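Convention: sequence-line order gives letters A, B, ...; per-chain numbering from 1. Values in this document were obtained by computation on a predicted structure and should not be read as measured data.
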Amino acid sequence: MSTKTYDRQNPAFYALLITLVVMAIGPIYLMLVTSLKLNVDIMSDSTNILFMPTLRNYETALCDFLWYKPEYLRRCDPTFGRALTNSLIIGLISTAITLIIGTMAAYALVRFRFMGRDVVSIWTLMMRMVPPAVLLVPVFGIWTFQFGIDGSRGGIILVYVALNLPFVIWILQSFIVQVPIQLEEAARMDGAGPFQVFFLVVLPLIKPGIAAASIFTFRVAWNEFLLANALADRNSRTVPVTIVNSLTEFNIDWGVIMATGMLLAIPPIIFTFIASRQIITGMTAGAVKG
Amino acid sequence: MSIARTNRMTPYLFLAPAGLVLLFALFYPICYMIYASFLDWNPSQRIGEADFVGLRNYTKLFSDPSFRESMWVTLKFAGVVVTLEMFLGVGLALLLDRNIRGMSLLRTLFILPMMIAPIVVGLMWRYMYHPTVGIFNKTLKSWGFDTIPWLSDGNWAFASVVIADVWQWTPFIFILSLAALQSLPTSAVEASKIDGASGWQQIIYIKLPLMLPVLIVTFLLRLIDSFKVLEVILVMTNGGPGLSTEILSLRINRTASEFRELGEAAAMSNLLLIVLLLLTFAMFIYNKAQDARAARLRAVEEEA
């Protein structure tokens, strides 16, 4: 990579690049800056670049987790802390479940010829397009009246697993196809059963695919609002739901709300920087071949 | 004997957990929704207590001017947004398809807007559009211009929502078209260069036609996704002012939670689902046709 030579471009080209980068991350930067400001600074008329950055908004949002009590805070509102715990639990558990059963299904669809295989693949492809808004009414009805799991984290996890499975199965298929079948045959020769072949031979080889799939799955579960809003009760609300609930028409506490928004945005930002290559592979798989 | 049986059962065992979840939590709800769209049902009733009303929900929808308005807003939004994003994304890809340092960092920065929560995207833009503390109006004011009613005037609100969506999703088109450009056969481009084609001619006669299959799939993917946009608009305008930004998924949410007409919301979801399935189906057919064409070309090549 380091031996690669780069073409020289004219300065206007670099100016354009810089403009694009500023446009792409400007709003995110603005959110970060606002979350570090006091309300006095946010409301002031002048656009002063210089201000005293403060973590006060984060302290207000996360007061539940702090080991000390900020002296300016009269009463600690535990809503956001609770929502953060819920979001983490729901995101992690639903990602884990989706990946385990999704990889198994993808493996079956790629490696075994069995009755109804094509029908299953077409249906998973179709199900990929179902938007959360379409599921709103039936999921609310069924979860409340038939399964009786509304208002619990389990209920939300179940929807997210179902929502993500088709995509995960579809994307992992393309990775499993690339695993050389000879490896599996060799393992089988040595006396490994189908489950051993899957867990000990195939799984370690498709790690990049699993990384991409888990980022996409976690992202959906972490960011989703509509279904969580319909299903959650006071104790199982996730972060997006609390953010929308705290948005009122007037008198928005921009500092604190931007701090919560930033906290919600941080995990996906970290994933993007760690695994951008896998994310791009996941995005382009299917649309661009070869 | 028992080994042979386990082997035959293995695919079903591997498939069973995923199949069960999809059956109970995705397929069953969708069937349930289709059934519910024929009922007069409000959230306090069990579904068994709701009255069967036949097609009344659908006829009511089509004679309801605010539903037609919201359908129109949805189509307008999808059309405008996807057109703008296609032009910008493909244009940028053609422009930036060069051998430059830091391209992977640039791509990483560009996918950030797609990765963060739509709720947060809505929040950021609502803050920037804020009439007094927002950066746009502050800048306009300090330059001596009149401030713009970004989110409080119908036409401006629609434009603002479009801008936010273009910001969030142009990178998607950009990344897909860049990937397509970089996988083009270099021989075709080289040959056209030797024949003296100018930059524009290369783009119009060589690059774009070769990229076309990917561009069509990208277009369809983005079009399908643009019907799903919900949270960004919910946070920015909640469909207002009036009905100017109330796209269909927002209206479904409102009909279900505010007007408490689950049957009608189900009928709307059903219509949305039909549109999306048609688009998905178009994409599927297109992919199959492409594969068939590639196979035929390969066969011809082998014969020759």
Are any side-chain N or O atoms of A:Asn223 and backbone N or O atoms of B:Val120, one a donor and one an acceptor, separated by less than 3.5 Å? no
Select, from B:Phe227, B:Phe27, B:Phe24, B:Phe172, the one with the greatest count of heavy-atom pairs under 4.5 Å involving chain A. B:Phe27
Using non-hydrogen atoms only, which part of A:Tyr107 is less than 4.5 Å away from chain B: side chain, backbone, both, or neither? side chain
May I ask you to test the A:Leu135-B:Ile30 pair for a side-chain heavy-atom distance under 4.5 Å? yes
Who among B:Ile252, B:Thr255, B:Leu109 has the most heavy-atom pairs with chain A under 4.5 Å? B:Leu109
Quick one: does B:Leu234's side chain get under 4.5 Å of A:Phe225's, heavy atoms only? yes
Fit a plane to each ring of A:Phe198 and B:Phe14, take the angle between them on a 0 to 90° scale, and name the class: parallel (under 30°), tilted (30 to 60°) or perpendicular (over 60°). perpendicular
With a 4.5 angstrom heavy-atom cut-off, could you sort out which part of B:Leu123 is near chain A: side chain, backbone, both or neither? both
Quick one: are B:Ser269 and A:Leu136 in side-chain contact, heavy atoms under 4.5 Å? no
Tell me, side chain or backbone of A:Ile28 under 4.5 Å from chain B's heavy atoms, or both, or neither? both
Minimum heavy-atom separation for B:Leu272 to A:Pro131, with atom names? CD2-CG, 4.3 Å
Heavy-atom pair with the smallest gap, counting every atom of B:Leu95 and A:Phe13: O-CE1, 3.5 Å
Between the main-chain N or O of B:Met114 and the side-chain N or O of A:Arg219, is there a donor-acceptor pair closer than 3.5 Å? yes
Region of A:Ile266 that comes under 4.5 Å of a non-hydrogen atom in chain B: neither
Which portion of A:Phe216 sits near chain B, non-hydrogen atoms under 4.5 angstrom: neither
If you compare all heavy atoms of B:Leu26 against all heavy atoms of A:Pro166, which two are closest, and at what distance to 0.1 Å? CD2-CG, 4.1 Å
With a 3.5 Å distance limit and no angle check, can you tell me whether B:Trp167 reaches the backbone of A:Met23 through a side-chain donor-acceptor pair? yes
Under 4.5 Å heavy-atom distance to chain A, tell me which part of B:Ala256 shows up: side chain, backbone, both or neither. side chain
So, for A:Ala108 and B:Leu15, which heavy atoms are closest and what is the spacing to 0.1 Å? CB-CD1, 4.1 Å
